[in-house]
Amino acid sequence: MVLGGRYPSRQRPVGWTARSLMDLTLSAQELQFRNTVRGWLQANVPPPWTRPLRDSEAKREYFAYLRDWQRTLFDGGWAGISWPKEHGGRGVSIIEQSIFQEELALAQAPDRLGVIGEGLVGPTIIAVGTEAQKQRFLKPLLMGEHIWCQGFSEPDAGSDLAALGTKAVLDGDHYVVNGQKIWTSFGHVANWCLLVVRTDSAAPKHKGLTCLLVDMKSPGVVVRPLRMMTGDEESNELFFTDVCVPESNLLGQVNQGWGVAMTALDKERANLGTGLYLRYKRHLDSLLERAKTMRRAGRPITEDPIVRQKLAQSYLDLEVFRLNSLRTLSGMSHSNAPSPEGSILKLYWSEMNQRNAQLALEVLGLPGQSWDFDDGRWGYNYLRSRGNTIEAGTSEIQRNIIAQRVLGLPRSY
Amino acid sequence: MVLGGRYPSRQRPVGWTARSLMDLTLSAQELQFRNTVRGWLQANVPPPWTRPLRDSEAKREYFAYLRDWQRTLFDGGWAGISWPKEHGGRGVSIIEQSIFQEELALAQAPDRLGVIGEGLVGPTIIAVGTEAQKQRFLKPLLMGEHIWCQGFSEPDAGSDLAALGTKAVLDGDHYVVNGQKIWTSFGHVANWCLLVVRTDSAAPKHKGLTCLLVDMKSPGVVVRPLRMMTGDEESNELFFTDVCVPESNLLGQVNQGWGVAMTALDKERANLGTGLYLRYKRHLDSLLERAKTMRRAGRPITEDPIVRQKLAQSYLDLEVFRLNSLRTLSGMSHSNAPSPEGSILKLYWSEMNQRNAQLALEVLGLPGQSWDFDDGRWGYNYLRSRGNTIEAGTSEIQRNIIAQRVLGLPRSY
Amino acid sequence: MEFDLSKPQKLLRETARATLSRHFPLSRVREWMAIGATNEDSLWSTIADQGWVGLHLDNSIGGLGLGLVELTVVAEEMGRACMPGPYLATTWAATLLAQIDSPKSTELLPSITAGEHKATVALMDQDGDWDLKNIAMQLTPSEPGWKLTGRKTLVLDADSAHTLLCVVRQSSKLAIVFVPRKATGVSCEKKRSLDATRSLYDVAFNEVTIAESDVLAVGEQAHSAIEQSIRVATLAACAEMLGAMQWIHETTIEYAQTRKQFDRSIGSYQAVQHQCADIHLMTESARAATYYAAWALTSNAPDACKAIAIAKAYCSEVGREVGHRGVQVHGGIGFTWEHDMHLFLKRIKVCEFLFGDATWQREQIARLILK
Amino acid sequence: MEFDLSKPQKLLRETARATLSRHFPLSRVREWMAIGATNEDSLWSTIADQGWVGLHLDNSIGGLGLGLVELTVVAEEMGRACMPGPYLATTWAATLLAQIDSPKSTELLPSITAGEHKATVALMDQDGDWDLKNIAMQLTPSEPGWKLTGRKTLVLDADSAHTLLCVVRQSSKLAIVFVPRKATGVSCEKKRSLDATRSLYDVAFNEVTIAESDVLAVGEQAHSAIEQSIRVATLAACAEMLGAMQWIHETTIEYAQTRKQFDRSIGSYQAVQHQCADIHLMTESARAATYYAAWALTSNAPDACKAIAIAKAYCSEVGREVGHRGVQVHGGIGFTWEHDMHLFLKRIKVCEFLFGDATWQREQIARLILK
């Protein structure tokens, strides 16, 4: 577990007393929060989804299942818990938010359909949206009626977001949008999109961008699923042809979209690590269990000293990630703000997961990478891990951020 | 061995015939060359130097020993063997040169005092020197009467050689030199120095440099030994205060020193790898022998599967270096010129030696890194290896060279 | 001394590259992948027509009489084209047959090299490894011949093979047994491979009747024949990885030169340059290790066994790294199904483990150097 | 939940940093190194006067009654200052004594914490390892007490210690024996360490007479006391590595900011930036792992043993890497004797292996997670 309770006060060893004030246990209030969450989840988490998602009918049903779950959360007061109360949230601390994530994972609750809405779009609307936008968008978002996606990256603007070329031209009281976006998660199920467009081609790159809130049912919006090397369609391309967006759906000021997008991305980077840790912990636990059942050349593979090294290395790597997450969480609980230190976590978990996905294949051997072994999860994890150092800011970008924004080295050329 | 002989034509396995024309055996002529070298070395290599070099008296005697060896080589016609015959060399091919290096190593011949003279200064004088300079310098160099050092790097001009600040001002028929050099191998025993100085401060960085041939006994030259983290004084700092250098000792054209220095460095980089391979092979062989004698926790360490992995990894890493060297040698034997591909060898051996020096410590454990274990060679090798990725062009510079000069990527910023 | 390919070898390479890219562009490879038809007959006959099946075998048995360097050249091009099909399996089986002095070898080899007959080797026991001493599956006596019961795993292209060469024990001795794929009691179960262009099977043998004459070799002869055939197959796997690395190398350097971000080609960033330099270093080093191993094995060099283990260990480690860096330099697009990068990453990934991964090969090296 | 140090802990850190840099600047460390006097008395009394010797022990035995987080704070500063001297050895020995319920403990501890008496632990047999089960050196009966003969290796600061706590066997049981350094039959042989600020010895015991009352603990009590003391000493070694990493971090980032090549600070090169980013990632991660281990051990957390092994494995791997990258970013100057970098690289190098290197610690982790 990431966030421990209190340990039983066993007999302390002779010789020292623990008067350390650095303290990794939860406060009484936090423990109470956890119990409340846990109790609610026990009563409300639906049975896990187990059916395969081979056809579109199954996918539709799965989507409804996830949307119902979001509605259940909303009704229980557990949607957008970190948002301010006046906007429908619960105003919990960052540590409580982390406890919530941890409990969701422990309860094997369904995935969250609204992560982009809750984590990125909503907070940005709260930060820079008009009163009317807040009224219109925040509640449906929390209820799961609006599913959001983000339209930032383009084929020719990946790491270099400011280079994007999707254009919007003001025509009376609406913008006309033309262009293409890529890497849009949830694009196939979203009904709204936070879109960054170029509104001034003459201005310097960063200065001519604007953010729009786009109804995905608008005529001229086409979504094409994007298949990854894993075989999953986990992302999408969006095509915009003469799409009309009312001027009232401008988010923030015109030509100030760069700042709005950066605000949004900073919120995205503020991943607390808890959910990720628990996901990878499940992978590792199941690897350990699997390894204990396997024999190679006449003996259990867990007796092979080299296999033992690899399993232990995976374990320690993941544990160091947990501790880094805890430490970042503790730091953020003071500042209550994301910081460039988040880049360290991103860099750490992405490269760790790549190392560990590889080690799992080495431990299991060639049979273990088949799609017919444990549902193919080990081969899948390996392939999926290769995207970790690219998505949400490549490792190169993260190292630049650490060097420049954390260590204060000069901008590189 | 790097360069094999021919293998006995054992019974070929049923099923295929070897009609491969890619052929890693030596030609009849090369084999004969090797026999000639081997025979001469057997008759002429002095007994190895075994005394420690603790005091200056011992160091003086060791220097005389090395100089005598250079003279012996010269007398036998084995000094500067790759030089053209008209300049006192033997004009051998690059493969023969490699065979010669290999045989020197196998015969445990003394180190070469004249590596900078023979490998770098001499070829540069041959390339751009005046007839008078050739007459004056080449023969004493080969005879070991002139020991050369190179004065290129400065404290503020390491990787960025063109930034150097040592100044030379023409005053009548001589230059007056002021400044400081660093990383000057052999500086403490050299009587001549190939010095790069700035003669035009107004010109762009690369354009105001000039090469001078400087008598180290000139008044105003001070040599200070530079101690490395190994404890060895393997290099020197040179200080020049109003040092007079006759104009006739200008090498190449005035303000054309950048090109001259680059010519010299390209020749330096054309290390054939053979000597290095054999040095590291000796290290590894002695590690294997050592490991076979050691027990830990009641059993020979060579029965520990993890130790076996580490030893095998060192072995294969070194073998891949050997094969890379062979392949580069083969390529150079066609072009008869060094190439930026040399950067691959440099990058490979420097990082390989760091990996292997570390693995040796892991195999031997904490006792093995003591200065009292095997004369401290394992700890020494580890420390010394850290310099490998810095000396003769850092790994960063080598990767730049590969990317830009081999792969044709654009100049980086 | 000449490390580079000779002129005829270079010609072979050019021919192979041209033939494969004409007949089997990656678009076609993807078509086969999509329908799971990695053993398409048209593919196989084209390859056999070139004489590449058994090109290292004697002319007397239908081979081209070339050496292992030439085999490596062709296998490298197979890797560079990400070719599906039973080339590796059949090369392995043909090499094994060629090591065995039996009427069956003489009978089968000409039709194998002609592309009419496909064969594969069933080596590894369930829960086994690549070490021959861990093969336990038994021939049991059954007058007048033998019965075979048990399960072999990681059998390449079993489904399309006409012949399985099954490595088993006759009491304590290793034996190589000829089993027709369609024999009663043989059943193949496809294990969907990470690399969809390469088919791996579990093969179950249930009381399969084996005639005495189908036990092709026993004991020392069987042992050395299998070992030598594994060396050749391992070499071919290294060559495939090398070819895949070569494709990634070319594709990645080109992408770095042309893809622009922040108004300049990404290849002008030092971080990208250094990734590319490492890709180059590793690919070229893998080339040196692989071709040396080919030469050493074909020349009976004393270090041939070591050279094969070294090449496989090295290619297994750096092949993966080259693949990873290739994806990373490409960024998101290199992670998509649409981009061809993953075909090569997956080809490398399966080859990494085939015939023993780096850990396994290092143990083989340790056995040789710590004797 | 608070991962950061508390205010008093931060104050302790500031005090330690200020004290060490005032009294023991690196120039002074080098003076001691040059004459081999790593155990100078003046150094030791300054440290003891601060109360740092046994700061984690009960007030009743002269300690400050603080916890292991505070010990880690001080040990980190020791590493950051590259302090010579028997702090680690004495901390280990005092912790061991404090675990043992014996009159000797009560007698010795107050003078140890007062800095008057120095002690060390003689644990590892010749050709042994860090596993207690591989300790074989025997106490042999010799009426009325015992005799001790054998050789211990890697004993920290044996020469300056007044007391050796020797870990041996009484028949099959582990035993901790009190041996005065000057006892007849004890001889120390210095093994010049790669880290000249840290002294390691072989200690030979030749028929040393041991009174019954000097056998301080036997069997399970001895076993658990030794294990617990090794955990604390391992934690201190991690903290020293962390301090050394911290020094390298600060020094390297500053150098990258100020050193110019090709007309710009080298810190503006992406390759250098990425090295610095990695140094930062590794140092901060080592900090998280080390302080967590301190907290877990001081709080009796259920995963305390694992946390110590994880911290040591992690620090051992990345400490080395941070040192290597620090040298590399500095270029030639970082490779010289004159630059202080090598002092820290060497400190890390010895700590990497002390109490078991990463390979050894991983096996300990495996034992805990594969139960």
Side-chain angles (χ1 to χ4, degrees), chain A residues 3-4 7-10 12-27 30 95 288 291-292 302 305 308-309 311-313 315-317 319-321 323-324 326-327 329-331 333-334 341 343-344 347-348 396 398-404 406-413, chain D residues 1-9 56-58 61 63 65-70 95 98-99 101 228 253 256-257 264-265 267-270 272-274 276-278 280-281 284-285 287-289 291-292 294-295 298-302 306-307 309-310 313-314 359 362-366 369-370:
Chain A
L3 298 157
Y7 299 115
S9 62
R10 281 191 283 156
R12 293 197 186 285
V14 186
W16 69 73
T17 54
R19 286 227 310 241
S20 155
L21 291 171
M22 164 183 165
D23 187 1
L24 294 172
T25 53
L26 296 179
S27 71
E30 288 158 351
I95 288 178
L288 292 173
K292 286 176 190 168
T302 51
R308 294 167 71 82
Q309 287 284 310
L311 292 173
Q313 178 60 33
Y315 190 94
L316 86 86
D317 214 348
E319 181 69 3
V320 172
F321 170 57
L323 301 175
N324 273 331
L326 269 187
R327 188 153 167 255
L329 185 63
S330 161
S333 73
H334 299 302
E341 299 274 344
S343 288
I344 297 175
L347 192 56
Y348 198 101
E396 288 77 12
Q398 305 300 342
R399 287 192 167 87
N400 287 355
I401 292 175
I402 294 171
Q404 294 166 28
V406 180
L407 302 176
L409 293 175
R411 198 174 171 291
S412 72
Y413 297 77
Chain D
M1 199 212 61
E2 178 56 69
F3 206 120
D4 201 3
L5 297 180
S6 67
K7 271 197 182 150
Q9 288 162 346
H56 60 305
L57 302 183
D58 268 357
I61 47 176
L66 298 174
L68 293 174
V69 174
E70 287 80 359
T95 306
Q99 307 289 312
D101 189 14
Q228 185 70 353
I253 306 305
Q257 283 165 334
R264 41 191 261 225
S265 81
S268 69
Y269 289 94
Q270 210 178 19
V272 173
Q273 292 202 343
H274 288 193
C276 290
D278 287 341
H280 183 69
L281 175 88
E284 291 305 306
S285 302
R287 179 174 301 287
Y291 277 93
Y292 178 76
W295 178 82
T298 217
S299 312
N300 289 321
K306 224 163 19 185
I310 287 169
Y314 189 77
T359 299
R362 277 190 293 262
E363 174 55 28
Q364 308 315 306
I365 296 166
I369 65 176
L370 292 171

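So that the names make sense, note that chain A is the first sequence line, chain B the second, and so on, each numbered from 1.
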If we ignore hydrogens and angles and just use 3.5 Å, is the side chain of D:Gln273 paired with the main-chain N or O of A:Pro410 as donor and acceptor?
yes
| request: Side-chain contact test, heavy atoms from C-beta onward, threshold under 4.5 Å: evaluate it for D:Tyr292 versus A:Glu319 and give yes or no. | output: yes
Of D:Val272, D:Ile253, D:Asp101, the largest count of non-hydrogen pairs under 4.5 angstrom with chain A goes to D:Ile253
Smallest heavy-atom separation, D:Ala288 atom then A:Arg327 atom, equals CB-CD, 4.1 Å
Heavy-atom nearest pair, D:Asp4 first then A:Ser330, reads N-OG, 3.8 Å
Check: Is the backbone of A:Pro305 close enough, under 3.5 Å, to the side chain of D:Glu363 for a donor and an acceptor to pair up by distance?
Finding: no
Applying a strict 4.5 Å limit to non-hydrogen atoms, the region of A:Gln404 in contact with chain D is side chain
Okay, D:Glu284 and chain A: the region with an atom under 4.5 Å from a heavy atom over there is both
The interface call for A:Gln313 against chain D, heavy-atom contacts under 4.5 Å, is both
What one should report as the nearest heavy-atom pair of A:Leu24 and D:Met1 is O-CG, 3.7 Å
Looking only at A:Leu323, A:Leu347, A:Leu288, most heavy-atom pairs under 4.5 Å shared with chain D are made by A:Leu323
Whatever's closer than 4.5 Å to a heavy atom in chain D on A:Glu30 counts as side chain
One option among D:Ala307, D:Ser285, D:Ala309 has the most heavy-atom pairs under 4.5 Å with chain A, and it is D:Ser285
Partner of D:Cys276 under side-chain contact (heavy atoms from CB on, under 4.5 Å), picked from A:Leu409, A:Val406, A:Ile402, is A:Leu409
dist D:Leu370:CG -> A:Lys292:NZ (nearest 0.5 Å) comes out at 6.0 Å
Here the gap from D:Glu2 atom CD to A:Leu329 atom CG, rounded to the nearest 0.5 Å, amounts to 10.5 Å
CG (A:Asn324) and CZ (D:Phe3) are apart, to the nearest 0.5 Å, by 8.0 Å
Output for pair (D:His280 NE2, A:Ile344 CD1), nearest 0.5 Å, gives 3.5 Å
Nearest heavy-atom contact between A:Leu311 and D:Ile369 is O-CD1, 4.1 Å
So, the part of D:His274 with a heavy atom under 4.5 Å from chain A: the answer is both
Smallest heavy-atom separation, D:Ala277 atom then A:Leu407 atom, equals N-CD1, 4.1 Å
Rounded to the nearest 0.5 Å, the CD atom of A:Gln398 sits from the CG atom of D:Leu281 at a distance of 11.0 Å
Heavy-atom closest pair (A:Asp23 atom, D:Trp295 atom, distance to 0.1 Å) is CA-NE1, 3.6 Å
